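Some notes on the structure that comes next.
Whatever order the structure lists ligands and atoms in, that order sets their numbers, starting from 1. Just so we're clear, the structure is a prediction, and the values are computed from it rather than from any experiment. Positions are given from 1, in the same order as the sequence printed here.
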Amino acid sequence: MTSATSPSAGTASRPTTPRGPGARSRLVVGLALLDDAAAPSRLLAARRSAPAVLRGLWEFPGGKVETGEGPREALAREVREELGVAVRLGAEVPSPDPEGWELANGARMRVLWGVLAEEGAEPAALEDHDLLAWVPLSGAGAHHLDWIPADRPIVSAVVAGAATAFAAAP
Ligand SMILES: Nc1nc2c([nH]c(=O)n2[C@H]2C[C@H](O)[C@@H](COP(=O)(O)OP(=O)(O)OP(=O)(O)O)O2)c(=O)[nH]1
């Protein structure tokens, strides 16, 4: 499976600071996966299965950027590992801080829009999650889930911005 990304979209191509061999930066990347680029109506949410402190809470699929990786590359890798699908990544969901959304542990998360790269592909909860849900973008749909608290403002931004997420994409 190939992952199609658009390197020029968004600002998520900034390099991360190397911290030595095998080290991981504190940058986390998350995916706001929409069911359709032109007329999105649902967002994919993933329920954490571990660690214990996060178990049962919902989040954006993704994870930590590894040393030497760009954020987009890291996100495509995490999504392949966690969901078993390739995604077409779009721009970054704008955050109040250019470094990204602040997480509870002091880390930052940058969230990118995405849609499935292959028609008919179905994300599966392969790693880190025990349940996936396509939640409606309209009404209170997405807000009903028990999100990781730091994700709540991101969910609001995603719900507000989904309709135009891919509007400028080629
Ligand atoms: N993936 C993801 N992580 C989030 C979100 N919100 C949030 O606070 N986090 C936190 C949880 C974790 O402390 C951290 C991401 O770590 P992770 O465990 O997903 O990263 P990883 O897949 O690279 O895992 P690992 O190899 O370090 O175990 O960011 C979110 O929406 N998605």
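- Counting all heavy atoms, side chain and backbone alike, A46 lies closest to L132 at CB-CD2, 3.6 Å.
- Near E78, with a cut-off below 4.0 Å to any heavy atom, the atoms of ligand 1 are 21 (P), 22 (O), 23 (O).
- The shortest N/O to N/O separation between M109 and ligand 1 does not fall below 3.5 Å.
- Residue D128 approaches ligand 1 through these ligand atoms, each under 4.0 Å from one of its heavy atoms: 22 (O).
- Side-chain contact check for V159 versus L43: every heavy-atom pair is 4.5 Å or farther apart.
- For the pair D151 and M109, the minimum side-chain heavy-atom distance is below 4.5 Å.
- Note: the hydrophobic cluster containing V158 also contains V135 (ILVMFWY, side chain heavy atoms under 4.5 Å, direct or indirect links).
- Residue contact check: L54 has heavy atoms under 4.0 Å from atoms 11 (C) of ligand 1.
- The distance from ligand 1 to the heavy atoms of G63 drops below 4.0 Å at these ligand atoms: 1 (N), 19 (O), 20 (O), 21 (P), 22 (O), 23 (O).
- Those atoms of ligand 1 that come under 4.0 Å of a heavy atom in D151, given as number and element, are 5 (C), 6 (N), 7 (C), 30 (C), 31 (O).
- The shortest heavy-atom distance from E66 to ligand 1 is not under 4.0 Å.
- Shortest non-hydrogen contact noted between R152 and H143 is NH1-O, 3.4 Å.
- Every atom of ligand 1 is numbered from 1 in the order shown, and the set under 4.0 Å from a heavy atom of N105 is 13 (O).
- Of the listed residues (E59, R77, E102, H129), the one carrying the non-hydrogen atom nearest atom 4 (C) of ligand 1 is E59.
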(request) Decide ring-ring contact (aromatic ring centres under 6.0 Å, His included) for F60 and W147; before the verdict, give the C-alpha distance in whole Å, the side-chain angles of both, and the deciding distance to 0.1 Å. (result) CA-CA 9 Å; F60 298 93; W147 290 91; 5.1 Å; yes
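- Annotation for A37 and V115: closest pair N-CG1, 3.7 Å, computed over non-hydrogen atoms.
- Atoms of ligand 1 found under 4.0 Å from any heavy atom of G62 (numbered from 1 in listed order, with element): 1 (N), 19 (O), 22 (O).
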